[in-house]
S.K.: 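Got a structure for you, questions after.
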Amino acid sequence: MRTEASVLHLDLDAFFAAVEQRDKPSLRGKPVVVGGVGGRGVVSTASYEARRYGVRSAMSTREARSRCPHAAFLSGRFHAYRETSERVMGLLRSVSPLVEPLSLDEAFVDLRQADLPDLAVPTVTAFAQDLRRRVVEVTDGLTASVGVGSSKFIAKIASDLDKPDGLVVVAPGTERDLLRPMNVTVIPGVGPATTERLRRVGIHTVEELETVTEDEMVRLLGNAHGTWLFHLARAQDDRAVEPERETKSVSVEGTYDTDLTDRTLMEGLLTRQAGEVATRLGKNGLSGRTVTIKVRLHDFTTLSRSSTLPSPTDSRTTIARMARTLLADLDTSGGVRLLGVGVSGLADWVQEDLFGETAEAEEELPEIVVPHHSRRTWAPGMDVEHEEMGRGWVWGSGRGVVTVRFETAQTPAGPVRSYAEDDPALSAWRPPEPDPAAGG
DNA sequence: TCTGGGGTCCTAGGACCC
DNA sequence: TCTGGGGTCCTAGGACCC
């Protein structure tokens, strides 16, 4: 924790709804709800007019409609949100090089790196007011709530205290007095489960939380969370403002209006999602080793299955096949409401293609053709054929061994076998069409 | 017809290696 | 012939955030 109030947190007010009201004057002053409009949609953002009717983020759209039937229900225009967000982040970066975006509508700014004569409360207050004015300017009318304090934690709490269109600067030294009367739920990281655990031992406020020893807290909430909360209860937070945070995973998921029961359809949907994940990996120059599927059953039970390759991939065919294979192990007979595919274990480099082709070339050539029996030709995802086992694809290779998973569209979870990489029974599978470029 | 989609981080158990 | 530890990787699930 710093001795001066030099961490700023900025939060754009009802951001998605505010962009809609800005761009569509007929919506100004009226309740606007942005979110999923389908049968199983939830509210992403409600304008303050809609909040007066009890509409809240994360509420089902169905309930929002019953609370506020005359609201405008919009599915969202993410390009507009992103574009507006970039203008705000650009403004923040012009003020300090240390800007950490948390989402499209939120960021931390380190004021130690800003051009300020000093970091006294009156100075940062004037600076923050001017920044809020410039946000309105640069966004054509959107307002922001800002908090400034001696840490990320305090700045974030402060920006919440006078919403919307407010500013709160917490004077150094007053943090703990501010926190004590507050409910534990104001602490970021304290959600429903933690709140309930604390409630059961009679803890509701930060002041009560302060009475718990670190050991007790760890016993109650686990090592990481317990230790973390022990310190936050005392306003102890030394986290730096981190401008660059690297991506750890990329995923696509979808909830369907009616439960799925057709396995072939599920495989088709996973295949399409895998393609979207691969495209996004490729655009960002990423590849990853672990493919995970997510399946939410009719009763909301959520399952995940994952599998890790020997080397990273960004190939749509490999990701899709792994996804379908993982699905094969699951009983989905009761119906599925959500399917998803993700890739993690990311490397910021793409495995060098054996033919020196670019990722774009793979888009046109989903089936890779490899020469017969030459060494070092087995890359994950390649189609191969075994004299006895039939057609399969390379699961992994290395140290002279190639592992092949045999599958057909009907039986995705085929057996896995390993062979010496120069086993003559194993050959590259060729598409039925003659390919003059393939050579021998 | 309650309950999105994109993420991050943590835990716990088992495998495996030294 | 009884029973080490530590470290790392992988998997599944859960809590939480916006």
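Quick note on labels: first sequence line is chain A, next is B, and so on, each numbered from 1. Computed from heavy atoms alone, side chains included, the values below leave out hydrogens, waters and symmetry copies.
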S.K.: Heavy atoms, side chains only, cut-off 4.5 Å: are A:Pro243 and A:Val99 in contact?
M.R.: no

S.K.: Quick check: on DNA chain B, is the nucleotide nearest A:Glu246 upstream (toward 5') of the one nearest A:Val42, or the reverse? Name the residue that is more 5'.
M.R.: A:Val42

S.K.: Could you say whether A:Arg337 or A:Ser251 is positioned toward the 5' end of DNA chain B, judged by the nucleotide with the nearest heavy atom to each?
M.R.: A:Arg337

S.K.: Each nucleotide in nucleotides 12-18 of chain C should get exactly one letter: B, S or -. Can you fill that in based on protein heavy atoms under 4.0 Å?
M.R.: SS-SSSS

S.K.: Starting at CZ of A:Arg65 and ending at P of B:dT3, how long is that distance when rounded to a whole Å?
M.R.: 13 Å

S.K.: Quickly work out the A:Leu281 CG to B:dG7 C1' distance and round it to whole Å.
M.R.: 14 Å

S.K.: With respect to A:Arg132, which candidate in A:Asp13, A:Asp165, A:Asp162 satisfies the salt bridge (Lys or Arg N to Asp or Glu O under 4.0 Å) definition?
M.R.: A:Asp165

S.K.: For the pair made of CE in A:Met59 and C1' in B:dT3, what is the distance, rounded to whole Å?
M.R.: 12 Å

S.K.: Give one of base, sugar-phosphate or nothing for A:Gly254, where a contact means two heavy atoms less than 4.0 Å apart.
M.R.: sugar-phosphate

S.K.: Extract all donor-acceptor atom pairs below 3.5 Å that involve side chains of residues 333-340 of chain A and protein atoms in other chains or at least two apart in sequence.
M.R.:
unit_1	atom_1	unit_2	atom_2	d
A:Ser333	OG	A:Asp331	OD1	2.6

S.K.: Give one of base, sugar-phosphate or nothing for A:Val252, where a contact means two heavy atoms less than 4.0 Å apart.
M.R.: sugar-phosphate

S.K.: Take atom C1' in B:dT3 and the same atom in C:dA15, then report the distance between them in whole Å.
M.R.: 16 Å

S.K.: Quick check on B:dG5: is either OP1 or OP2 less than 4.0 Å from any side-chain nitrogen or oxygen of A:Thr255?
M.R.: yes

S.K.: Grab the stems for DNA chain B, please: at least three consecutive Watson-Crick or wobble pairs, both distances below 3.5 Å, written as range with range.
M.R.: B:5-18 with C:5-18

S.K.: Please determine if A:Arg234 and A:Glu210 form a salt bridge, counting it only when a charged side-chain N lies under 4.0 Å from a carboxylate O.
M.R.: no

S.K.: OP1, OP2 of B:dC9 versus side-chain N and O of A:Lys248: anything below 4.0 Å?
M.R.: yes

S.K.: Taking side chain as C-beta onward, heavy atoms only, is A:Leu209 less than 4.5 Å from A:Ile187?
M.R.: yes

S.K.: For A:Phe300 and B:dG5, what is the distance between atoms CZ and C1' respectively, to the nearest whole Å?
M.R.: 12 Å

S.K.: Considering only heavy atoms and no angle criterion, is a donor-acceptor pair shorter than 3.5 Å present between the side chain of A:Arg62 and the base of B:dT1?
M.R.: yes

S.K.: Let me know the distance between CG of A:Asp259 and P of B:dT1, rounded to the nearest Å.
M.R.: 12 Å

S.K.: Take atom CD of A:Glu246 as the centre, draw a 6.0 Å sphere, and report whether it contains more than 12 heavy atoms from other residues, nucleotides or ligands.
M.R.: no

S.K.: What nucleotide, of B:dT11, B:dG6, B:dG7, holds the atom closest to the side chain of A:Ser249?
M.R.: B:dG7

S.K.: Parallel, tilted or perpendicular for A:Phe16 and A:Tyr81, by the 30°/60° rule?
M.R.: parallel

S.K.: Expressed in angstrom and rounded to an integer, what is the separation of A:Glu100 atom CD from B:dT8 atom P?
M.R.: 13 Å

S.K.: For B:dG7, does either OP1 or OP2 sit under 4.0 Å from a side-chain N or O belonging to A:Arg280?
M.R.: yes

S.K.: Strictly distance-based, threshold 3.5 Å: is any side-chain N or O of A:Thr302 a donor or acceptor partner for the main-chain N or O of A:Phe300?
M.R.: yes

S.K.: Within this structure, what is the OH-to-C1' distance between A:Tyr81 and B:dG6, rounded to whole angstrom?
M.R.: 16 Å

S.K.: Could you give the CZ-to-C1' distance, from A:Arg56 to B:dC2, as a whole number of Å?
M.R.: 18 Å

S.K.: Nearest 0.5 Å please: distance from the CD atom of A:Glu49 over to the NE2 atom of A:His70.
M.R.: 9.5 Å

S.K.: Look at the side-chain N and O atoms of A:Thr292 and state whether any lies under 4.0 Å from the OP1 or OP2 oxygen of C:dT11.
M.R.: no

S.K.: Check A:Ser103 against A:Asp105 and note the closest heavy-atom contact, atom names and distance.
M.R.: OG-OD1, 2.7 Å

